[in-house]
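See structure below.
This structure is a prediction, so every number in the text was calculated from the model and none was measured. Indexing begins at 1, ligand by ligand and atom by atom, following the structure's order. Any value given below was found using the heavy atoms of this structure, including those in side chains, with hydrogens, waters and symmetry copies removed.
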Amino acid sequence: MSLNSLHDRGVIARYRSFLPVTDSTPVISLNEGSTPLIHSPKLSEKVGRSCEVYIKYEGLNPTGSFKDRGMTMAISKAVEAGSQAVICASTGNTSAAAAAYAARANVTCIVLLPAGKIAFGKLAQAFMYGAKVVAIEGNFDDALRLVREIGETEPIAVVNSINPHRLQGQKTASFEIIEELGDAPDFHILPVGNAGNISAYWMGYDEFHRLGKASRRPTMIGFQAAGSAPIYHDRVIENPETIATAIRIGNPASWDFAKAAIRESQGAIDIVTDAEILAAQYWLASKEGIFVEPASAASIAGLLKSLDTSCASRAYHADRFPEGSKIVCTVTGHGLKDPDVAKDQCGGVIPAKAERSEILRLIAN
Ligand code: AN7
């Protein structure tokens, strides 16, 4: 890895030779990427058999999600092509990233969001970054259909993951993991919504494997929310529902890519319920100090489900994590994105008088 100057950070600077950029591509970056890969002693212990579990904490990107990796590419390429406006449909994180990078590039950003189904933090971001925020009567799939139609006829760059530059940027997360671990992990677990990220990770792992930078490619295991699981059920879900609004998607754009990644890696796609997602979200924050949004907790919920021998419907079994396996779980977005869900699922405050004895009572119990 080369050392970059203070003004030359971010995934394009770090992985320029693996990305479709040239000297004439203006690099629009917010120093995204290089996120921490955090060892989880407690998850490692749960898995057992000397396995090691690592959390790729993508919530520490500039706008708080993994979307920044793809957006630095999509906006840089849009500006290179002369676009003065960009558009996307989003469940929230894509719109936050698009709005931020568009602001930096001085281009207009229009975001189409499913009305009433966006986590509050993400909505605040789109407003503050100066996007034109449109609330669509309908779900994400309806919004994406509209964006596709508009992109076909109008002079505006679509920065959803149907834009191939997005997945190119997102594949850099695999590169970072390989460089940090010294090889690819044995298993990679992540949440799946539009299925772009699982496809991008697989591309990245495959590319570094072909270049001899990794000796293997991991088994890819994706988790969808039970009420929004089109790939798992192998059919479009007309009215997807889940508390994990980021992955409330019924007709994923990268469906075929994701299926190929799962097939080629001998992986699996499985589902986790909203209750499992919320339990995993709270467990990760309260046991390991890592606060992620509900959709991100699907990967942790999935790992825990795969270990649960009482669960008959597991698509993936812990019996298949061999001794000494390295397992990486991507957690895709920061917990502060969705303060309402966090607030609703926790116990609340302990009322007390401003007296010493009141507090000492808590230490004793
Ligand atoms: C936190 O922002 O689709 O399977 O419009 O925000 O690549 O879609 C977000 C997706 C996982 C799923 N975790 O990733 C959007 C959007 C979080 C997310 C996903 C999303 P993909």
Between T172 and R69, do the side chains contain an N or O donor and an N or O acceptor separated by less than 3.5 Å?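 R69 and T172 do have a side-chain donor-acceptor pair below 3.5 Å.
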Side-chain donor-acceptor pair under 3.5 Å between E293 and S296, yes or no?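 Per modelled atom types, E293 and S296 side chains form no pair under 3.5 Å.
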Name the orientation class of the two ring planes belonging to H188 and Y201 (parallel below 30°, tilted from 30 to 60°, perpendicular beyond 60°).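 If you compare the ring of H188 with that of Y201, the planes turn out tilted.
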Under a 4.0 angstrom heavy-atom cut-off, which atoms of ligand 1 come close to [X]?
X	value
T94	2 (O), 5 (O), 15 (C), 16 (C)
T91	2 (O), 3 (O), 5 (O), 9 (C), 15 (C), 16 (C)
I249	3 (O)
G92	2 (O)
G196	4 (O), 7 (O), 21 (P)
S296	1 (C)
V192	4 (O)
N93	1 (C), 2 (O), 6 (O), 17 (C), 18 (C)

Ligand 1 versus [X]: contacting region, heavy-atom distance under 4.0 Å:
X	answer
I198	neither
E293	side chain
A200	neither
S90	both
I247	side chain

Among all the protein's non-hydrogen atoms, which is closest to [atom], and how far away is it?
atom	result
atom 17 (C) of ligand 1	T332 OG1, 3.3 Å
atom 10 (C) of ligand 1	K67 NZ, 3.3 Å
atom 14 (O) of ligand 1	F66 CZ, 3.5 Å
atom 8 (O) of ligand 1	N194 N, 2.7 Å
atom 7 (O) of ligand 1	N197 N, 2.7 Å
atom 18 (C) of ligand 1	A246 CB, 3.5 Å

Is it true that [X] and [Y] have a side-chain N and a carboxylate O under 4.0 angstrom from each other?
X	Y	value
E80	K77	yes
K171	E207	yes
R145	D141	no
E180	K56	no

Can you name the side chain to side chain contact (heavy atoms under 4.5 Å, CB included) partners of K259, sequence neighbours left out?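 I231, D234, W255.
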Among D338, T273, D344, V341, the one residue meeting side chain to side chain contact (heavy atoms under 4.5 Å, CB included) with I243: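 Only one option passes, and that is V341.
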Return the option from G70, G59, A195 holding the heavy atom at the smallest distance from atom 21 (P) of ligand 1.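 Considering heavy atoms of G70, G59, A195, the nearest to atom 21 (P) of ligand 1 sits in A195.
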Taking distance alone, with no angle check, do [X] and ligand 1 share an N/O pair under 3.5 Å?
X	answer
P191	no
S95	no
Q170	no

Flag side-chain contact, heavy atom, 4.5 Å: L190 against T332: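 Sidechains of T332 and L190: no contact.
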With a 4.5 Å heavy-atom cut-off, do P41 and E288 have their side chains touching?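 P41 reaches E288 side chain to side chain.
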Closest non-hydrogen atom pair between Y205 and R217, with its separation: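 Reported closest heavy-atom pair: O-CG, 4.2 Å.
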Listed once per pair and sorted, the side chain to side chain donor-acceptor pair (under 3.5 Å) pairs that draw on residues 152-167, sequence neighbours left out: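 Qualifying pairs: R166-Q170.
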Kindly check if the number of other-residue, nucleotide or ligand heavy atoms within 6.0 Å of NZ (K305) is above 12?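 Yes, enclosed.
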